[in-house]
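One structure is given here, and the rest of the page talks about it.
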Amino acid sequence: MSSSFLSYSELPAATMLSVKPLRTLCDGIEEHDVTDVLLVRLLSGRVRSYKIRKSHQLPFHDEKSLSTAHAPHLKSYQYEPMVLSAEMQDLLECNRGMHESVQYDGELVERVKNEAHYFKQFISTYKRHFGGDLSEEQEFRLRMQAIGGSKLICYIRYLQISNVGTEAQIRLIQDQLHGLLELANFELPEKIYGVLELSEKLGVRLTGDEWFVTEECEEGKEEFKCIVNTCREFQLFGLNIYQLHSKENAIEMSACLKPITKHAIEIACGRSFTGFALRQAGFKIHSASDVVTPEIAWPKARVYLKSACDTIKCYQKSDVLYILHYPVDELLIEIEQLQIPVLIFFSGDQNLLCQVPNLQFKNLNFEHMPKLHESVISALLGMNMTKHQFELKVSLIPSVFIGR
């Protein structure tokens, strides 16, 4: 190995704030002449650039995977320090979103300090709950949360000093930041908004699925578009949660579901956040399962390594309510194909329900249920159940929660 190449551990790890892999044409102008580059942002705010050895091309081929910066997977590559012109470095940072343009004096320093503060706080909270050292994947999640929190503080500061937005809108963003930070510290917030409600209140229109925020917004509200997008990234990439809950939402969910069954199991549970929220409201979740071990489960959550279908098979002779949020497209069909009567409390894209045979459902109304986008519903699903069986379960739900 050439002595000019460095291992990942030889990069300035002690002062690294974030890393970002990207594919660029900075080695030449021909399409085939590309170079994989690692941009390393330091606590000082400076950005260093490293060329990745040609034989170690990164397995990133699309804009989405580049933008998510898979930092934990970069240890096996070798890096060569490189010097980019100021013009090229500015272009890369701007085009790839290394950081947004500075909007007020001292913002960059403030952001770096806040990121370091939150990161230290989140690590301390993690160790208090779980003990031991963090894996690289866990550390990366906490770093994403710290970056999101710091960005939101700077956006709020900018709105305050530039007189952009009303006091009510700034207070809304402050409340959302407070709720996200509580979640990052493994606490259930009193109140938190879904991306849909947040966008509506700030004049930003969502488009596509839960991953995207449109470029369209009301004139003069570009900052609000960035704020909504930052909150979405904090939720999905930092917290790794699709269905948010607050204390008030957990209470209403518990009141709705308690009459249906004494046994509830969370399937495809991710971090088992819904189970955590419901337990806070006095509703017992008997177990939780997923096909992968969560990077950071919620305190006292025990997630069994088992698929949703295998979990249902284990309990097919029991009266169980399964809790399922934002399933992948095929999962509901796979469950139906088991030919086992199944009762599910569901939240997710309502369009998925049209694809499933032998399915009955009843919409449920929750005043405080946060939503990612406008096609999200909450519903009670009955698969492979007779009409009488399903209607009997629906009749147990308090009428205040029954939708059309």
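Residues: numbered from 1 along the sequence shown. Everything numeric in this text was worked out from a predicted model, so none of it was measured.
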Assess the residue pair Leu183 and Leu244 against the criterion (side chain to side chain contact (heavy atoms under 4.5 Å, CB included)); give the C-alpha distance rounded to whole Å, side-chain angles, the decisive distance to 0.1 Å, and a yes or no.
CA-CA 9 Å; Leu183 290 171; Leu244 291 174; 3.6 Å; yes
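- Sorted by first then second residue, the salt bridge (Lys or Arg N to Asp or Glu O under 4.0 Å) pairs that include residues 253-266, not counting sequence neighbours, number zero.
- Taking 4.5 Å as the limit, some side-chain heavy atom of Ile153 sits within range of a side-chain heavy atom of Tyr118.
- At least one side-chain heavy atom of Arg232 sits under 4.5 Å from a side-chain heavy atom of Asn229.
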Criterion side chain to side chain contact (heavy atoms under 4.5 Å, CB included) on Met369 and Gln243, from CA distance to verdict
CA-CA 9 Å; Met369 177 74 89; Gln243 182 57 68; 3.3 Å; yes
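- Using the six-membered ring where Trp is involved, His263 and His286 have ring planes that are tilted, between 30° and 60° apart.
- The side-chain heavy atoms of Leu172 and Tyr193, taken from C-beta on, include a pair separated by under 4.5 Å.
- Here the side chains of Leu359 and Leu332 are not in contact, with every heavy-atom distance at 4.5 Å or above.
- Thr230 places a side-chain N or O within 3.5 Å of a backbone atom of Cys226 that can act as its donor or acceptor partner.
- Taking the side chain to side chain donor-acceptor pair (under 3.5 Å) definition, one finds that Ser375 meets it with Asp349, His373, sequence neighbours left out.
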Side chains of residues 294-307: which donor-acceptor pairs under 3.5 Å do they make with residues two or more places apart or in other chains?
| residue | atom | partner | partner atom | Å |
| --- | --- | --- | --- | --- |
| Glu295 | OE1 | Arg141 | NE | 2.6 |
| Ser307 | OG | Asp310 | N | 3.1 |
| Ser307 | OG | Asp310 | OD2 | 3.3 |

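- Remark: Lys247 pairs with Glu190 by the salt bridge (charged side-chain N to carboxylate O under 4.0 Å, His left out) rule, at least two apart or across chains.
- The aromatic rings of Phe186 and His129 stand perpendicular to each other, their planes meeting at an angle above 60°, with 30° marking the opposite boundary.
- One finds the SG atom of Cys309 at 5.5 Å from the CD1 atom of Ile335 (value rounded to the nearest 0.5 Å).
- Under 3.5 Å, the side chains of Ser246 and His368 contain no donor-acceptor pair of N or O atoms.
- In terms of heavy atoms, Ala146 sits closest to Phe119 at CB-N, 3.6 Å.
- The two atoms that bring Gly179 and Ile192 nearest to each other are C-CD1, 3.7 Å, heavy atoms only.
- Atom CD of Glu367 sits in a sparse spot, with 12 or fewer heavy atoms from other residues, nucleotides or ligands closer than 6.0 Å.
- To the nearest 0.5 Å, atoms CG (Asn249) and OG (Ser254) are separated by 11.0 Å.
- You'll find the side chain of Phe390 reaches within 4.5 Å of the side chain of Leu380, heavy atoms only.
- A donor-acceptor distance shorter than 3.5 angstrom exists from the side chain of Asn384 to the backbone of Glu336, with no hydrogens or angles considered.
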Give the C-alpha distance, both sets of side-chain angles, the deciding distance and a yes or no for side chain to side chain contact (heavy atoms under 4.5 Å, CB included) between Phe345 and His325.
CA-CA 8 Å; Phe345 169 52; His325 294 314; 3.9 Å; yes
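- Asp319 is linked by a salt bridge (charged side-chain N to carboxylate O under 4.0 Å, His left out) to Lys393, counting only residues two or more places apart in sequence or in another chain.
- For the atom pair CD of Glu391 and NE2 of His388, the computed distance is 8.5 Å after rounding to the nearest 0.5 Å.
- Taking all atoms of both residues into account, the shortest heavy-atom contact from Pro327 to Leu352 is O-CD1, 3.8 Å.
- In this structure, Tyr326 and Tyr242 have tilted ring planes: the angle between them lies in the 30° to 60° band.
- Between Phe273 and Leu239, the closest side-chain pair of non-hydrogen atoms is not below 4.5 Å.
- Among residues two or more places apart in sequence or in another chain, the side chain to side chain donor-acceptor pair (under 3.5 Å) test is passed with Tyr126 by Gln138.
- Residues Gly270 and Asp290 share a closest heavy-atom pair of N-OD2, 2.7 Å.
- Contact of the Tyr322 side chain with the Leu343 side chain is not registered, since no non-hydrogen atoms from C-beta on lie closer than 4.5 Å.
- Contact detail for Leu278 and Ile323: the closest heavy-atom pair is CD1-CD1, 3.6 Å.
- To the nearest 0.5 Å, atoms CE (Met385) and CD1 (Ile340) are separated by 13.0 Å.
- Here the shortest heavy-atom pairing between Leu324 and Ile267 reads CD1-O, 3.6 Å.
- A distance of 5.0 Å separates CD1 of Ile147 from CD of Glu115, quoted to the nearest 0.5 Å.
- Two residues are said to be in side-chain contact when any heavy atoms from C-beta on lie closer than 4.5 Å; Val195 and Cys231 fail this criterion.
- How far CD1 of Ile333 is from CG of Leu338: 12.5 Å, rounded to the nearest 0.5 Å.
- In this structure a side-chain-to-backbone donor-acceptor pair under 3.5 Å is present from Gln316 to Lys313.
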Derivation and outcome, side chain to side chain contact (heavy atoms under 4.5 Å, CB included), residues Lys201 and Gln176
CA-CA 12 Å; Lys201 289 180 179 293; Gln176 187 71 1; over 6 Å; no
